[in-house]
Amino acid sequence: MNLILLRHGYPIANIPADQRLAYYNAQEKAQVAGDAGDFQRLIATAEKTSLTKFLEMVSGNVGADAEEKGLYFFERIKDHL
């Protein structure tokens, strides 16, 4: 899954330990019942977390070049995250 995400320009989706059971259940539901909705939502949430952390790291460098490092973008989307 993470290889596919990386190949499409997304960061790795880290599933926290306290969400592993939900991850396995969602994965089983997608494979057995053909309903991938829970799995997609879980991965989308993990991706949102990863992207937010990335933007926070990149925009954390304040200074003359902060705008070029993501602060400009992060400030405009943070209310939607």
Side-chain angles (χ1 to χ4, degrees):
M1 173 193 70
N2 280 321
L3 180 58
I4 292 168
L5 289 168
L6 286 170
R7 285 183 177 170
H8 287 89
Y10 292 95
I12 290 172
N14 291 312
I15 309 300
D18 64 340
Q19 292 182 359
R20 294 272 164 83
L21 183 58
Y23 170 77
Y24 294 137
N25 289 336
Q27 197 173 38
E28 180 180 10
K29 186 177 177 182
Q31 291 177 351
V32 174
D35 181 2
D38 291 346
F39 183 76
Q40 291 168 342
R41 279 185 289 281
L42 194 124
I43 299 306
T45 300
E47 280 300 297
K48 179 178 161 183
T49 301
S50 292
L51 287 168
T52 301
K53 286 180 183 179
F54 174 76
L55 287 171
E56 287 172 347
M57 286 187 304
V58 173
S59 65
N61 298 319
V62 292
D65 60 347
E67 186 170 82
E68 295 158 21
K69 292 185 176 180
L71 182 59
Y72 177 82
F73 177 71
F74 181 73
E75 287 297 322
R76 275 144 188 81
I77 67 164
K78 70 180 178 182
D79 293 335
H80 303 285
L81 298 175

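Every value quoted in this text rests on a predicted model; they were computed, and no experiment measured them.
- For the atom pair OG (S50) and CG (N14), the distance works out to 5.0 Å, reported to the nearest 0.5 Å.
- In the hydrophobic clustering, where aliphatic and aromatic side chains (Ile, Leu, Val, Met, Phe, Trp, Tyr) are joined below 4.5 Å either directly or transitively, I4 stands alone.
- I15 shares a hydrophobic cluster with M1, L5, Y10, Y23, Y24, F39, L42, I43; the chain of contacts runs through ILVMFWY side chains whose heavy atoms sit under 4.5 Å apart.
- The salt bridge (charged side-chain N to carboxylate O under 4.0 Å, His left out) contacts involving residues 7-32 comprise K29-D35, K29-D38, where partners must be two or more places apart or lie in separate chains.
- Contact detail for A30 and A36: the closest heavy-atom pair is CB-CA, 3.8 Å.
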